[in-house]
A.B. asks: 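One structure, pasted below without further comment.
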Amino acid sequence: MGIFRSGMSKTRQSFFGRIATLLGGSKIDDETWEDIETVLIQADVGVNTSQKIVEELRSRAGREGMRNTDQVQKALREVLMGMLKTPPVMNISGRDLSIILVVGVNGSGKTTSIGKLAYRLNLAGRKVMLAAGDTFRAAAIEQIQKWGERVNAPVVAGKAGSDPAAVVYDATAAAKARDYEILLVDTAGRLHTNFNLMGELAKIKAVCSRVIPDAPHEVLLVLDGTTGQNALEQAKRFQEVVDVTGVIVTKLDGSAKGGMVFSVFNDLKLPVQYVGLGEGMDNLVLFNPENFVLSLFDEN
Amino acid sequence: MFESLSQRLQATFDRLSNGGKLTENDVNTAMRDVRMALLEADVALPVVKDFVNRIKERAIGADITKSLKPGQQVVKIVHEELITTLGEPGRLNFSGSTKPYVIMLIGLQGSGKTTTAAKLAVYLRREGRQPFMIAADTYRPAAVDQLITLSKQIGVPYYEEGTRASPPDIVSRGLKAAKDANAAVCIIDTAGRLQIDDRLMEELEEIKRRANPAEILLVADAMTGQEAVNIAQGFNQRVGITGLILTKIDGDARGGAAISMRAVTNVPIKFLGTGEKIDGFEVFHPDRLADRILGMGDIMTLIEKAEAAYDEAEAEKLQKKLMENQFTLQDFLEQLQKIRRMGPISQIMNMIPGMSQLQMQNQMDQETVEKRIKRVEAIINSMTRTERNNPKILNASRKKRIASGSGVEVRDVNDLLKQFRQMQDMMGQIRKGRFPKIPGLPPNLFG
């Protein structure tokens with residue numbers, strides 16, 4: 001958890017460091033609840049979810065006769081942990097070839113996350129191939145090819161502007177023929193509100209199953225950690241269209257608070273699989289809710 | 001689901017007394033709604049607090065005009081204050097700078113700097129200024145390739161050195177190249193970076209020192225949440241920004257980040273990025289964004305969406321059919337599908353000013369509307385081609401078949417047919433010129 005903790009330290013300070021300062025060990029009053037709500041809202045937890053959390057805490061405080069803010073802090077930690085879940089083990093074993101489809105809006109960090117994920121899987125001894133499914137954005141193919149070189153994974157690519165579904169079909173066939181275990185499929189960034197591009201994504205997903213009947217085995221949605229309340233709309237729409245199985249939250253190495261981790265899971269039951277904490281190959285870490293919440297409470 | 005502010009305030013004021021003036025108590029209650037709406041629109045909390053205080057001062061004791069209800073009055077004040085906060089429509093400012101004028105684009109990873117660089121170049125060329133681009137992102141794999149590809153696509157000269165030299169050195173040599181090429185404006189595309197990354201922020205300062213830019217524009221994602229304040233403040237304190245460009249505004253984010261960033265930097269919003277195509281770029285209009293943040297309906301966006309869903313040829317064909325009384329159930333189905341292509345019905349309805357209020361009055365729930373439309377689609381889908389083109393042949397047994405095929409009662413099929421006949425009658429009247437003149441429509445639209 002070394003990387004995880006060091007990467008999370010800034011978030012930790014701005015989030016729970018503040019709660020600790022605000023609350024100290026003092027008596028509980030109206031301001032206590034207001035402070036907690038403020039910090040939650042500022043962490044992008046969302047105003048509704050924040051109010052729900054505060055309500056729950058308040059009624060617990062009354063029920064359990066809490067006297068000081070230290071007790072409230074402990075309870076808050078428990079409530080927050082209760083809202084998250086350890087991600088299930090990804091469904092990418094027990095067959096010859098598993099396919100992971102990676103989707104998300106523009107600039108969320110899909111290609112970078114694929115590079116880092118390929119690196120992780122390589123380290124775990126898996127044979128990984130990449131599919132350059134973003135044929136639209138200028139030099140997106142070159143970008144994933146450079147990642148392929150960096151992490152030593154072959155990349156199946158077509159021409160810029162060609163049909164992404166065709167590229168994905170070729171890649172699945174190639175991965176199968178060449179005995180690769182995991183195929184990571186990159187896709188072009190698209191806003192969830194764009195009807196035609198979402199339709200294209202459904203088609204790409206369908207193509208995966210033409211070669212491997214039950215594919216894709218995982219559909220990972222990449223969410224930008226600095227996104228606000230729109231993250232939920234994104235997740236909803238992508239879930240509807242391609243049946244998302246998990247989430248990668250990126251750019252959490254800055255001062256962004258990552259409160260969407262709570263709201264996305266709370267409303268959609270989509271588990272966070274990984275967190276992106278920087279631009280290095282090894283800066284993608286498994287999401288661990290307990291450590292996530294605990295490390296947020298570290299005071300140093 | 002987001003409730004628009006106007007809707008929410010209406011409900012609040014219905015519970016309150018209707019005096020001639022807004023009392024402090026009325027206003028306080030209303031301010032809770034304003035706060036909630038702004039937070040849901042991703043306006044940052046400290047900015048919301050300031051904003052709410054300003055509104056409160058203006059609202060207490062404000063006279064209620066006859067035409068407005070108290071709720072509407074508050075919405076009006078909020079709207080005006082939002083427009084004031086958002087500022088003037090943006091323009092580039094090159095005064096006090098020498099040619100080639102330099103524009104530096106900076107921002108977080110993935111905010112859209114490189115795409116924006118190309119869009120800005122095309123915009124400048126349309127304005128009659130010769131653009132030039134420098135590829136100074138040596139970090140992200142293939143970022144330089146992306147700028148080269150875009151430059152070639154749009155036919156704008158550029159300077160690059162791959163990824164081996166340092167970005168400030170590339171910029172120095174690039175500026176010389178821009179001068180030699182007689183460029184009027186030179187756009188520098190920098191690498192994405194976190195505002196707390198000390199080393200990379202120093203690099204930006206160095207680039208600024210060497211390039212002496214007329215404009216330093218922060219390119220920011222319209223979907224940004226509470227973090228917007230830290231991002232804008234961070235970049236502004238270190239480098240000093242002169243303006244903002246908000247990207248990905250074509251999604252359904254409310255765009256509250258614009259308010260936050262404006263409020264903490266006080267620099268103007270200059271442009272909006274509206275899609276990945278090169279022409280998806282527009283000058284900023286404060287009123288449109290204010291409407292959107294408030295969820296007051298955004299008729300311009302609705303029109304844009306409609307334009308995206310219908311092409312001209314289709315529209316003409318439809319018009320011809322309407323005029324010749326050949327509009328069939330099949331056409332009706334296609335129209336419904338087109339409307340659905342514009343987005344969820346609830347979202348579309350929210351864009352129509354006043355619609356949300358109307359829905360409240362009629363107790364019309366958006367999900368019900370959505371369900372009804374789906375049912376109509378299902379019914380028409382269960383008809384044969386011949387039936388769709390000539391509903392007169394629908395006898396009892398056909399209706400029964402259609403009902404069971406679409407999982408509804410025969411009565412629902414009859415309802416649809418009745419509605420369709422009414423629609424045809426109405427169109428007949430329009431054709432005969434009995435329809436009131438609709439402002440804005442060309443007079444010859446219906447013959």
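Residue numbers begin at 1 in each chain, while the letters A, B, ... track the order of the sequences.
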A.B. asks: Of all of A:Ala231, A:Gly46, A:Ala139, which one pairs up most often with chain B through heavy atoms under 4.5 Å apart?
C.D. replies: A:Ala139
A.B. asks: As an exercise: rank B:Asp221, B:Asp197, B:Leu194 by heavy-atom pairs under 4.5 Å with chain A and give me the winner.
C.D. replies: B:Leu194
A.B. asks: Without hydrogens or angle criteria, can the side chains of B:Glu227 and B:Asn230 be said to hold a donor-acceptor pair below 3.5 Å?
C.D. replies: yes
A.B. asks: Test side chain to side chain donor-acceptor pair (under 3.5 Å) on A:Glu279 and B:Gln109 and set out the steps.
C.D. replies: CA-CA 10 Å; A:Glu279 295 188 73; B:Gln109 291 92 340; 2.9 Å; yes
A.B. asks: At a heavy-atom separation under 4.5 Å, does B:Ala44 approach chain A through its side chain, its backbone, both, or neither?
C.D. replies: neither
A.B. asks: For A:Lys203 and A:Glu200, what are the C-alpha separation, side-chain angles and deciding distance, and is it a salt bridge (Lys or Arg N to Asp or Glu O under 4.0 Å)?
C.D. replies: CA-CA 5 Å; A:Lys203 192 178 150 203; A:Glu200 180 196 88; over 6 Å; no
A.B. asks: Let's test your reading of the structure: which of A:Lys251, A:Arg150, A:Met260 forms the most heavy-atom pairs below 4.5 Å with chain B?
C.D. replies: A:Lys251
A.B. asks: Name the member of B:Ala222, B:Pro46, B:Gly225 that forms the most heavy-atom pairs with chain A at distances under 4.5 Å.
C.D. replies: B:Gly225
A.B. asks: Specify which of A:Met198, A:Gln234, A:Lys146 makes the most heavy-atom pairs with chain B at under 4.5 Å.
C.D. replies: A:Lys146
A.B. asks: Is it the side chain or the backbone of A:Gln145 that comes within 4.5 Å of chain B heavy atoms, both, or neither?
C.D. replies: neither
A.B. asks: Out of B:Leu272, B:Thr116, B:Thr115, B:Thr274, which residue meets the side chain to side chain contact (heavy atoms under 4.5 Å, CB included) rule with B:Thr247?
C.D. replies: B:Thr116
A.B. asks: Can you tell which part of A:Arg190 gets under 4.5 Å to a heavy atom of chain B, answering side chain, backbone, both or neither?
C.D. replies: neither
A.B. asks: Quick check on B:Leu147 against chain A: is it the side chain, the backbone, both or neither that has a heavy atom closer than 4.5 Å?
C.D. replies: neither
A.B. asks: Side chains of B:Asp189 and B:Thr114: is there a donor and an acceptor less than 3.5 Å apart?
C.D. replies: yes
A.B. asks: For the pair B:Arg140 and B:Asp137, evaluate side chain to side chain contact (heavy atoms under 4.5 Å, CB included) and give the outcome as yes or no after the intermediate values.
C.D. replies: CA-CA 7 Å; B:Arg140 180 167 58 93; B:Asp137 179 358; 3.7 Å; yes
A.B. asks: Considering only heavy atoms, which portion of A:Glu149 lies under 4.5 Å from any heavy atom of chain B: side chain, backbone, both, or neither?
C.D. replies: neither
A.B. asks: Name each donor-acceptor pair under 3.5 Å that joins a side chain in residues 107-114 of chain A to protein atoms two or more places apart or in another chain, with its distance.
C.D. replies:
unit_1: A:Ser108; atom_1: OG; unit_2: A:Val105; atom_2: O; d: 3.0
unit_1: A:Ser108; atom_1: OG; unit_2: A:Val222; atom_2: O; d: 3.3
unit_1: A:Lys110; atom_1: NZ; unit_2: A:Val105; atom_2: O; d: 2.8
unit_1: A:Thr111; atom_1: OG1; unit_2: A:Asp186; atom_2: OD2; d: 2.9
unit_1: A:Ser113; atom_1: OG; unit_2: A:Gly109; atom_2: O; d: 2.7

